Participant: 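After the structure tokens below, expect a handful of questions from me.
The structure displayed is predicted, hence computed values, not measured ones. Counting starts at 1 for both ligands and their atoms, in listed order.
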Amino acid sequence: MSNPQEARKEQPSTYFVQDRENQSEFDRLRVQDQMVTSKMGGVLPEQSDPEKLRRVLDVGCGTGGWLLEVAKEYPTIETLIGVDISAKMLAYARAQSEEQGVSERVEFHVMDALRMLEFPTGYFSLVNARFSISYLRTWDWPKFVSELARVTWAGSVIRLTECGWWRGNGEALNKLADLALQAFFNAGHVFVKGDDTSLMEHLPELLSRQEVHDIQTRDYELVFPAGTPESEGYREDLRYGFRVALPFLRKWVGVPQDYEQLYQQMLEETARQDFVGRWRLRTVWGMAPTHRKAQHVV
Ligand SMILES: C[S@@+](CC[C@H](N)C(=O)[O-])C[C@H]1O[C@@H](n2cnc3c(N)ncnc32)[C@H](O)[C@@H]1O
């Protein structure tokens, strides 16, 4: 915890890892962030003119890696703000912003995105959220998107990236993935039972229901063949992931007696020379609607 004031702002969360001080989850997110940004081809690969942005918000920013890369790649962006419910993640993100020489333009704040985003209406020229499935239940999305739309300047960009489930040529991996999918469904994070693409498919509609317009979609089928640096990241993500998720799995689906055996088998499978991991991602973005009472010009 970085300071008592921030600690006071922390509320119980719906995140699949309840313990916000969990070192393994912190390590997992650091690895995952770099792996995903690299495999997607950069921080804003589908945006035509990021140089024009002035204020950027990243919601549920984790270790801050995405936002710091945006700050470095686009020095013309004046203000970049990351919010997350975990003070531990943000303490690291702040230290990184100092180390990487962008702290004058970058801020991080503890905030619960399920409540409200503590920013004025129409403040940002791009609002980003990646992997919000990890804490949003299906019924949380309308209010969440409406808050994103509120803080985004009319005609500016709201950008969501969500994922399917980790898959690969490993029996244990696929069994563990199915178990996690069931737990996420039972906990309310997945729209259709057994369908790991259901959130990705709902994204355009979730945006259009809040009057976001000019909605576009880009799909990614990330492939992680053994022996590449990203495949190491993929394996690390799984190695940490199926440990930190244990309490969540226990609560929402129950853990089979052979869980430890499956876990060890998954580690063996993902270390094989012929292992190929796969992960589907989708970015959906659109323009925020006009606000009745916009206060800031971007
Ligand atoms: C799966 S991580 C993704 C982190 C980052 N967006 C990325 O793509 O690397 C989800 C993040 O959401 C944060 N989180 C969970 N519940 C939250 C909430 N209610 N409000 C804000 N952040 C939350 C977690 O602490 C975690 O850092």
Participant: Just need the protein heavy atom nearest to atom 24 (C) of ligand 1, so name the residue and atom and give the distance.
Facilitator: Asp84 OD1, 3.5 Å
Participant: Which part of Leu29 is near ligand 1, with near meaning a heavy atom under 4.0 Å away: side chain, backbone, both or neither?
Facilitator: side chain
Participant: Of Ala87, Gly65, Gly62, Gly60, which has the heavy atom at the shortest distance from atom 6 (N) of ligand 1?
Facilitator: Gly60
Participant: Tell me whether Met89 has any N or O atom under 3.5 angstrom from an N or O of ligand 1.
Facilitator: no
Participant: For ligand 1, which part of Ala113 has a heavy atom less than 4.0 Å away: the side chain, the backbone, both, or neither?
Facilitator: both
Participant: Give the atom numbers and elements of ligand 1 that come within less than 4.0 Å of a heavy atom of Met111.
Facilitator: 20 (N), 21 (C)
Participant: Where's the contact between Cys61 and ligand 1, heavy-atom distance under 4.0 Å: side chain, backbone, both or neither?
Facilitator: backbone
Participant: Strictly under 4.0 Å, does any heavy atom of Glu25 approach an atom of ligand 1?
Facilitator: no
Participant: Go through the steps to decide whether Trp165 and Phe184 satisfy the test ring-ring contact (aromatic ring centres under 6.0 Å, His included), and finish with yes or no.
Facilitator: CA-CA 11 Å; Trp165 251 233; Phe184 270 77; 5.3 Å; yes
Participant: Please determine if Arg243 forms a cation-pi arrangement with Tyr263, meaning its NZ or CZ atom is less than 6.0 Å from the six-membered ring centre and no more than 45° off the ring axis.
Facilitator: yes
Participant: For ligand 1, which atoms, with element, lie under 4.0 Å from some heavy atom of Asp112?
Facilitator: 18 (C), 19 (N), 20 (N)
Participant: Please say whether Arg130 places an N or O atom under 3.5 Å from an N or O atom belonging to ligand 1.
Facilitator: yes
Participant: For Glu147 and Lys143, what are the C-alpha separation, side-chain angles and deciding distance, and is it a salt bridge (charged side-chain N to carboxylate O under 4.0 Å, His left out)?
Facilitator: CA-CA 6 Å; Glu147 265 301 274; Lys143 179 168 174 260; over 6 Å; no
Participant: Could you tell me whether Glu78 and Arg54 make a salt bridge, using a distance below 4.0 angstrom between a side-chain N and a carboxylate O?
Facilitator: yes
Participant: What's the shortest distance from atom 2 (S) of ligand 1 to any protein heavy atom, and which residue and atom give it?
Facilitator: Tyr15 OH, 3.4 Å
Participant: Counting non-hydrogen protein atoms only, what is the nearest one to atom 22 (N) of ligand 1? Give residue, atom name and distance.
Facilitator: Ile85 N, 3.2 Å
Participant: Between Arg209 and Glu205, is the closest basic N to carboxylate O distance under 4.0 Å?
Facilitator: yes
Participant: Nearest heavy-atom pair of Ser132 and Phe144: which atoms, and what distance?
Facilitator: OG-CZ, 3.9 Å
Participant: For the pair Glu46 and Arg159, find out whether any cationic side-chain nitrogen is under 4.0 Å from an anionic carboxylate oxygen.
Facilitator: yes
Participant: What atoms in ligand 1 come closer than 4.0 Å to a heavy atom of Ser134?
Facilitator: 1 (C), 10 (C)
Participant: Has Arg280 got its NZ or CZ under 6.0 Å from the middle of the six-membered ring of Tyr220, at an angle within 45 degrees of the ring axis?
Facilitator: no
Participant: Within the structure provided, determine whether Phe119 and Val83 are in side-chain contact (heavy-atom separation under 4.5 Å).
Facilitator: yes
Participant: Which atoms from ligand 1 have a heavy atom of Ser86 less than 4.0 Å away?
Facilitator: 25 (O)
